[in-house]
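Chain letters run A, B, ... following the sequence lines, proteins first and then strands; every chain starts at 1.
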Amino acid sequence: MKIRHLFFSTIFWVCCYAYTQNKQLLYDFTDVPQSLMVNPGVKTDFQWYAGIPALSGISLHGGSSGITVNDIFADDGLDINDKVRDRAINGMNIRDELSGTYQLELLSGGFRGRNPDYFYSFGIYNEGDAIGYWFKDYAILAFEGNADRLNQEFDLSHLKTRGEMVNVFHFGINKRVDNRLVVGARGKIYSSIFDFNSTRNKGFFVTREGQNNLLASTLDADMKLRTSGISELEDAEDNGNLASTIMKRGFFGGNLGLGLDLGFSYNLNEQTVITGSLLDLGFIYHANDVQTYTLNGTATIEGVEVILPDALSDPDADFWQDLVDEVEALVPFEDDTKGYITFRPTKLYASIRRDFGEQLESREICDCNTVVARGNGMRYRYANSFGGQLYMINRPRGPQTALTAFYLRRFGNILTAKTTYTVDKFSYSNIGLGVSIQAGPVNLYLMADNLLAYRNVADTHYASFQLGLNIISWGKN
Amino acid sequence: METQDFDQYDDLDIIPTYEASIVYLETPESVINAAGGANFYSQDFNFDAFAEDIFSERVLDGVLTYDVENTTSKRLDLTIEFLDVDGNVLDVESFSMDPAPTAVLRREIAYGNAGRSMDIIRNTSGIRLSGTNLGDSTSTSTLPDPMVTLKSSGKFRVRIK
């Protein structure tokens, strides 16, 4: 029951807080190996790198396109019931979303091949993702009810949510095609731990004036909730082996899928670079521990109807049970265990970058001088860069987009900082800062979004945090 | 910096009001005449809508609304009784109607607060409907489809939190 409680609590809170997956600070941050995870075609100069297990990449993203914690819980002397009614029930709309995303790298590494134009990367990460949209009409029904709302249809499609926890096993190839173009691809195997989705609901509930009785209540429903892994995790919790069950399902004991990332970097000229990537073009086939619940049909009831002389034919008639049976027959609630396919939330990144300022010494191993190196496809690194980025993610109510302007500054080969300004549905004032520190072979990066919001975290619509620790070698002493 | 007071959650009340039809009774005058005697209909039947835990444990107060219409040629009495699980009568509502033409009789009965006891609603698991003919058993109204109808609906406030 705790898992079920957690499941629905998650959905509820997801309705109040939206999380996005945009990693605009990490994108094209070539000093950090994890930038390969958001563009497998990013330019790399590492000889090899190894992430510190479980510490190489941790990211949490959070935000709200609707209300904030402060909107409801501010100590402002207002009645919380008025705040909930005005700001949540009536203040949010069905495009206000809720979701949560985290990513935790369990294993991460990469190495350059014998052919130095190839760089290979691999790893395992655990990812949790959930999204839900504000179920406005359900909230009105729950908070205010259907009374005195004759003919108002409560739209059942307002329930739109999905979420999952998955382990991802990946292997990527990054190839320098020539001194202008780098391309990359990453194959992924998904091992789903659990999944739930209910994204294509239709129908309505309405109360109208009755034909016979005073009121007629009509339910026209075409709803479906698909889950996998939930039952096994519930049983595991009851049996005290939840952790081992999560491990088992996460390491090929659950449901499996395949995916692909693609990316490129292309130098338009010496100092101008365009990049793009398409992530998580993939699917998971759920056949293990599947439970699908459906509610499909139409029924109109006007209470218990006793119409003579028909009602006299059976003096023992159970009108109430007949009514219940009739509704259940017209709108059956059913479950089955048929497999289903889910598609991963595909993400698209694109950017244009202008490099300028001081040229930095290449760190890449090379028995040559800089000029020769450039002839072999290597390019200068510049102390400064600025540019713009586009981010899109496929969501149940259509793509979400974010635009980012950035400035990146390198201080020698020790410290690199990137600052971003991002506009999306969550915020128009999202300023982020990322720092990568290279202390010998040790690389530490820290990135945080929406820094202005830290003045009052409870009032923020968006926040994210990423950090990681790697060992990097360029093959030089 | 503005501070937050999360104890406000305790003050959050979620008390929606729901309404739906309850019972509809329709008796044509031909059936009343065919019954011959005074009592033309009486039947107990199961009614668990109020007894469901999700309702009975959370309902705060409410109103039952009745519309009774008589288009027959005779005076009639209709009675609706609320019964507990053992068949004991918890509440009775009676309607006396003159022969047609007569207006629709509307009556609203409040439960909870200053109205009747909410325990009537909470403990109801059955309904008894009965009709009595206070006129003759031969005449027929000249109105189209003469009959007596009882319509009813309930509107209740329910505490979800």
Given that the side chain runs from C-beta out, which part of [X] has a heavy atom under 4.5 Å from chain A: side chain, backbone, both or neither?
{"X": "B:Ile160", "answer": "side chain"}
{"X": "B:Val31", "answer": "side chain"}
{"X": "B:Thr65", "answer": "both"}
{"X": "B:Ala49", "answer": "both"}

Nearest-0.5 Å distance, [atom1] of residue [X] to [atom2] of residue [Y]:
{"X": "A:Asn296", "Y": "A:Asp220", "atom1": "CG", "atom2": "CG", "result": "9.0 Å"}
{"X": "A:Tyr293", "Y": "A:Leu225", "atom1": "OH", "atom2": "CG", "result": "7.5 Å"}
{"X": "B:Ser137", "Y": "B:Glu29", "atom1": "OG", "atom2": "CD", "result": "10.0 Å"}

Enclosure of [X] [atom1] (heavy-atom neighbours >12, cutoff 6.0 Å):
{"X": "B:Tyr9", "atom1": "OH", "result": "no"}
{"X": "B:Asp11", "atom1": "CG", "result": "yes"}
{"X": "A:Lys202", "atom1": "NZ", "result": "no"}

Sequence neighbours excluded, every pair satisfying side-chain hydrogen bond (donor to acceptor under 3.5 Å, both in side chains) that has a member inside residues 32-43 of chain B: B:Asn33-B:Lys74, B:Tyr41-B:Gln43
With a 4.5 Å cut-off on heavy-atom pairs, point out which of [options] contacts chain A the most.
{"options": "B:Gly154, B:Ser152, B:Pro28", "result": "B:Ser152"}
{"options": "B:Met147, B:Arg157, B:Lys161, B:Lys151", "result": "B:Lys151"}
{"options": "B:Asp7, B:Thr17, B:Thr27", "result": "B:Thr17"}

Considering all heavy atoms, the nearest A:Ala88-A:Trp134 contact: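 Minimum heavy-atom separation between A:Ala88 and A:Trp134: O-NE1, 3.4 Å.
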Minimal non-hydrogen separation, B:Asp136 against B:Thr138, with atom names: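 Nearest heavy atoms, B:Asp136 then B:Thr138: OD1-N, 2.8 Å.
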B:Phe55 ring center within less than 6.0 Å of B:Phe50 ring center: yes
Give a yes-or-no answer on whether the side chains of [X] and [Y] include a donor-acceptor pair shorter than 3.5 Å.
{"X": "A:Thr218", "Y": "A:Thr300", "answer": "yes"}
{"X": "B:Ser153", "Y": "B:Glu19", "answer": "no"}
{"X": "B:Asn123", "Y": "B:Asp119", "answer": "no"}

Which one wins on heavy-atom pair count under 4.5 Å against chain B: [options]?
{"options": "A:Asp79, A:Asp318, A:Ile72", "answer": "A:Asp318"}
{"options": "A:Ile140, A:Val84, A:Asp76, A:Leu141", "answer": "A:Leu141"}
{"options": "A:Ala142, A:Gly145, A:Ala147", "answer": "A:Ala147"}

Residue-level contacts of residues 124-131 of chain B with chain A, using a heavy-atom cutoff under 4.5 Å: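 Within residues 124-131 of chain B, the residues that come under 4.5 Å of chain A (heavy atoms only) are B:Leu129.
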Residues 93-103 of chain B: residues contacting chain A (heavy atom under 4.5 Å, by number): none
What side-chain donor-acceptor pairs closer than 3.5 Å can you find for residues 204-212 of chain A, not counting sequence neighbours?
{"residue": "A:Thr207", "atom": "OG1", "partner": "A:Asn146", "partner atom": "ND2", "Å": "2.9"}
{"residue": "A:Arg208", "atom": "NH2", "partner": "A:Glu153", "partner atom": "OE2", "Å": "3.0"}
{"residue": "A:Asn212", "atom": "ND2", "partner": "A:Glu305", "partner atom": "OE2", "Å": "3.0"}

Contacting moiety of A:Ile89, where chain B heavy atoms sit under 4.5 Å: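 Neither the backbone nor the side chain of A:Ile89 comes within 4.5 Å of chain B.
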Carboxylate-amine/guanidinium contact B:Arg159 B:Asp13, below 4.0 Å: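 Counted as a salt bridge, because a side-chain N and a carboxylate O are separated by less than 4.0 Å.
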